[in-house]
*Asks:* 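Questions regarding the structure given below will be posed in turn.
Owing to the predicted nature of the structure, the values given are computational and were not obtained by experimental measurement.
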Amino acid sequence: MNTSKKIAIGLGVAGGALLAAWLLTGDRKKKTKEFVSKAANDIKNVFNNEDKKKDDSDVHYV
């Protein structure tokens, strides 16, 4: 990997860390936790509904 790629990755990681630190401080902490938990529940519901929608009524011959 060349130097510019390493710098770009480092800036991306540092930016993500700063964003996470900002979101988890002060009054934003409660709102951020609620948002993340709501999004996680929505994702779980999507996967659970996909599992229920699978219809295996076709006959499989061997």
Side-chain angles (χ1 to χ4, degrees):
M1 235 189 317
N2 59 14
T3 306
S4 61
K5 287 182 183 179
K6 289 179 184 178
I7 291 173
I9 291 172
L11 288 174
V13 170
L18 285 173
L19 178 63
W22 180 74
L23 286 172
L24 295 175
T25 56
D27 296 336
R28 292 174 298 278
K29 185 174 184 175
K30 183 178 178 183
K31 292 178 185 177
T32 301
K33 284 185 179 181
E34 289 173 358
F35 175 78
V36 170
S37 64
K38 181 181 178 296
N41 286 334
D42 291 345
I43 291 171
K44 286 180 187 177
N45 290 337
V46 167
F47 285 120
N48 287 337
N49 289 337
E50 285 180 1
D51 291 340
K52 292 177 184 176
K53 289 181 183 178
K54 291 181 181 176
D55 185 19
D56 197 18
S57 62
D58 293 337
V59 178
H60 297 286
Y61 295 102
V62 179

*Asks:* Could you tell me which residues satisfy salt bridge (charged side-chain N to carboxylate O under 4.0 Å, His left out) with K38, sequence neighbours excluded, listed by chain and number?
*Replies:* D42
*Asks:* Listed by chain and number, what are the salt bridge (charged side-chain N to carboxylate O under 4.0 Å, His left out) partners of D27, not counting sequence neighbours?
*Replies:* none
*Asks:* List, by chain and then residue number, the residues other than L23 in its hydrophobic cluster (Ile/Leu/Val/Met/Phe/Trp/Tyr, side-chain heavy atoms under 4.5 Å); write none if there are no others.
*Replies:* L19, W22
